[in-house]
Asks: 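The following block contains the structure, expressed as structure tokens.
Below, read A as the first sequence line, B as the second, and so on, with proteins coming before strands; counting in each chain starts at 1.
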Protein chains: 2
Amino acid sequence: MSEQVTSPTEAYPPGAAFIDGRFAEIADAKISVLDWGFLRSDATYDVVHVWKGRFFRLDSHLDRFMASAEKLRMNLPYGRAQIAEILAQLVERTGFEDAYVEMIVTRGVSPTFSRDPRDAINRFIAFAIPFGWILKPEEREKGLAIAVSEIPRIQPESVDPTVKNYHWLDLVMGMFDAYEQGARTCLLSDGQGNVTEGPGFNIFVVKDGKVSTPQRGVLHGITRQASMLLLEELQVPISERPVSLAELHDADEVFATSTAGGVMPVTSIGAHTVATGKPGAITNRLIEAYWAAHTRGDGWSVPVADVSRGQLDLA
Amino acid sequence: MSEQVTSPTEAYPPGAAFIDGRFAEIADAKISVLDWGFLRSDATYDVVHVWKGRFFRLDSHLDRFMASAEKLRMNLPYGRAQIAEILAQLVERTGFEDAYVEMIVTRGVSPTFSRDPRDAINRFIAFAIPFGWILKPEEREKGLAIAVSEIPRIQPESVDPTVKNYHWLDLVMGMFDAYEQGARTCLLSDGQGNVTEGPGFNIFVVKDGKVSTPQRGVLHGITRQASMLLLEELQVPISERPVSLAELHDADEVFATSTAGGVMPVTSIGAHTVATGKPGAITNRLIEAYWAAHTRGDGWSVPVADVSRGQLDLA
């Protein structure tokens with residue numbers, strides 16, 4: 001046992017981070033292995049994106065993040081306006097026109113090393129990295145190939161899916177199942193024959209011009225919410241209700257929604273081809289409306305520069 | 001918004017760590033916030049303890065850790081013997097006679113920043129800190145006060161509980177429920193009226209001289225396994241089977257098992273007092289046998305010095 005033990009390759013994307021009250025390089029954005037955000041996955045987060053220099057649905061992401069922290073009984077060290085400004089300053093530091101901005105609060109560590117989460121000092125972290133895609137625009141015509149895993153999503157009675165969380169082992173193992181079926185990513189059921197969600201995305205089905213998406217046991221995604229608002233504007237009927245796996249396979253159109261790529265046509269589900277195997281008409285209309293909304297005001301988008309007022313006194 | 005934003009208090013226990021191929025101070029044992037071990041809780045771990053300079057059940061912990069990594073399709077950068085030696089060298093660096101030694105493997109990060117877990121370089125981390133107790137020896141007579149939370153444990157179909165994991169939000173929120181009931185910690189059910197486990201411990205009930213513990217939907221704890229072996233030696237009937245909440249409340253004795261404290265009498269469950277409210281006879285006999293086993297050889301315990309052969313070439 002004399003071979004040299006070497007350090008694993010470490011690679012970081014370009015970007016900027018904010019951790020422990022300071023701005024930092026992405027490579028320096030590290031948390032203690034003792035932080036309960038890691039050792040108990042006791043954390044919540046949110047991801048807002050910036051497109052062409054504007055935050056998209058920032059208020060909705062901040063609303064959900066503040067609500068999630070409260071549901072987990074965590075105390076954020078910064079107020080909502082401070083957090084918004086930290087996110088904006090992060091984006092300005094990167095100079096990115098398009099970015100993926102993540103805000104996180106972890107339970108932290110107990111100064112007394114007790115096992116009691118009430119003793120912990122909660123930790124706020126944020127970082128901005130290049131905009132990420134589940135499905136790249138040039139792949140949009142081809143669409144997303146998904147597969148339904150046998151693994152059911154963690155049930156909402158155990159972990160509240162509306163509190164955006166890192167409990168992803170079911171989704172990760174589902175991804176391995178999907179790869180074996182030749183798919184790009186997975187979709188999990190609720191174990192009772194209904195569709196839930198996939199790794200980082202919500203799912204919608206279209207049948208006879210009507211759109212449906214699961215309401216229970218899923219993250220109430222901001223892109224999901226935006227899509228429902230836009231479908232209403234397009235006067236396309238949309239309902240939140242249980243969606244069975246049978247309906248998924250029988251759908252005229254299927255699409256997924258995520259901050260990481262927006263509205264994505266799903267063209268195959270395992271060996272099954274969705275309708276013609278091409279993105280559907282309603283999906284395409286929604287994709288158009290979704291990207292058009294990125295330049296709208298009234299709560300839809302806001303310039304990063306308008307959020308960053310440069311008044312936050314940071315070390 | 002001009003107040004100074006300050007860094008949260010950072011406190012670390014004494015100890016030693018091994019991360020990215022090197023030994024390090026506990027305060028320097030940090031992982032990137034981009035590591036999927038954090039962002040997806042895509043990790044597995046094990047904790048072995050050292051008592052009076054001897055590892056307890058080291059082989060059992062290493063067996064489970066290697067098996068868990070394989071189930072998650074992770075590649076450990078070190079072999080079993082190397083890992084054992086790293087753990088032993090960690091303990092020697094601390095000089096602790098009694099220690100809590102944790103080994104972890106995370107999915108790591110993808111050098112290409114893809115979303116595919118198969119692209120990630122898995123990361124091995126280990127650390128040794130002072131021995132931790134859920135129930136301190138001086139509290140043993142008083143026993144552990146637990147409360148059953150309404151939150152069901154994450155079901156085994158979603159996340160395999162035999163792969164020791166950090167999906168703890170159900171347990172953490174259950175702890176908040178328990179505090180409100182005046183208890184020290186929580187016990188979760190399976191949502192169908194059966195007992196599962198608590199934060200870091202398995203549960204056993206004793207009725208008419210017979211001992212039972214849940215088999216399904218729980219971690220197969222090493223202290224649980226050791227307790228079953230010792231009960232057999234004590235010729236106390238022990239069975240693994242579903243244990244209902246009714247049986248829990250009707251038990252003559254209840255005890256919990258964990259590496260963090262060993263065998264712990266449970267004397268109250270919410271407002272209910274277990275039997276006389278004192279540790280039971282079988283529980284006390286098992287506690288005696290459990291600590292006596294810490295000086296036994298034949299797979300029960302091994303001196304740290306015998307594991308650390310000082311031949312591992314580490315930076």
Asks: Does any heavy atom of chain A fall under 4.5 Å from the side chain of B:S149, the backbone, both, or neither of them?
Replies: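 No part of B:S149 comes within 4.5 Å of chain A.
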
Asks: What part of A:P117 gets closer than 4.5 Å to chain B, counting heavy atoms only: side chain, backbone, both or neither?
Replies: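 Its backbone and side chain both get close to chain B.
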
Asks: Any Lys/Arg nitrogen of B:E180 or A:R73 sitting under 4.0 Å from an Asp/Glu carboxylate oxygen of the other?
Replies: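 Judged by the 4.0 Å cut-off on N to carboxylate O distance, B:E180 and A:R73 do form a salt bridge.
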
Asks: Are A:V159 and B:I154 packed together at the side-chain level, in the sense that at least one heavy-atom pair is separated by less than 4.5 angstrom?
Replies: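 Counting from C-beta outward, A:V159 and B:I154 do come under 4.5 Å.
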
Asks: Where does B:I125 contact chain A at under 4.5 Å (heavy atoms): side chain, backbone, both or neither?
Replies: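 For B:I125, the contact with chain A is made by the side chain alone.
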
Asks: In terms of heavy-atom pairs under 4.5 Å with chain A, which of B:E102, B:R153, B:M173, B:K30 leads?
Replies: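 Of the candidates given, the most pairs with chain A belong to B:K30.
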
Asks: Based on non-hydrogen pairs under 4.5 Å, which of B:H167, B:M175, B:E150, B:E157 is most in contact with chain A?
Replies: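 Max contact count across the listed options: B:H167.
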
Asks: Please state whether the side chain, the backbone, both or neither of A:P130 comes within less than 4.5 Å of a heavy atom of chain B.
Replies: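 For A:P130, no heavy atom lies under 4.5 Å from chain B.
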
Asks: Any Lys/Arg nitrogen of A:E139 or A:R184 sitting under 4.0 Å from an Asp/Glu carboxylate oxygen of the other?
Replies: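 A salt bridge is present here (some side-chain N lies under 4.0 Å from a carboxylate O).
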
Asks: Is chain A contacted by the side chain of B:Y12, its backbone, both, or neither, given a heavy-atom distance below 4.5 Å?
Replies: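 Looking at B:Y12, backbone and side chain both touch chain A.
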
Asks: Answer with side chain, backbone, both or neither: which region of B:F113 has an atom nearer than 4.5 Å to a non-hydrogen atom of chain A?
Replies: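 It is the side chain, since no backbone atom gets that close.
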
Asks: Are any of the side-chain nitrogens in A:K164 or A:D46 under 4.0 Å away from the carboxylate oxygens of its partner?
Replies: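 No, A:K164 and A:D46 are not salt-bridged.
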
Asks: Given heavy-atom pairs under 4.5 angstrom as the criterion, report whether the side chain, backbone, both or neither of B:A17 touches chain A.
Replies: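 Answer is neither: B:A17 stays 4.5 Å or more from chain A.
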
Asks: Shorter than 4.5 Å, heavy atoms on both sides: which option in A:D160, A:T112, A:I104, A:V172 has the most such pairs with chain B?
Replies: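 So the answer, after comparing A:D160, A:T112, A:I104, A:V172, is A:V172.
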
Asks: Chain B heavy atoms under 4.5 Å from A:T106: which part of the residue, side chain, backbone, both or neither?
Replies: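 Interface part for A:T106: side chain.
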
Asks: Please flag which part of B:R115 lies under 4.5 Å from any non-hydrogen atom of chain A: side chain, backbone, both or neither.
Replies: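 Answer is both: backbone and side chain atoms of B:R115 are under 4.5 Å from chain A.
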
Asks: Are any of the side-chain heavy atoms of B:F65 and B:V48 separated by less than 4.5 Å?
Replies: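 No - every pair of side-chain heavy atoms lies 4.5 Å or more apart.
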
Asks: Is the shortest distance from a Lys or Arg side-chain nitrogen in B:D20 or B:R22 to a carboxylate oxygen in the other one below 4.0 Å?
Replies: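 Salt bridge absent between B:D20 and B:R22.
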
Asks: Non-hydrogen atoms of chain A under 4.5 Å away: do they reach the side chain of B:W133, the backbone, both or neither?
Replies: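 Answer is backbone: N, CA, C or O of B:W133 sit under 4.5 Å from chain A.
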
Asks: Looking at chain A, which one of B:I134, B:N165, B:L171 has the largest number of heavy-atom pairs inside 4.5 Å, strictly under?
Replies: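 Of the options given, most contacts go to B:I134.
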
Asks: Under a 4.5 Å cutoff for heavy-atom pairs, which residue among B:D35, B:T185, B:I129, B:L72 has the most contacts with chain A?
Replies: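 Between B:D35, B:T185, B:I129, B:L72, the count favours B:L72.
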
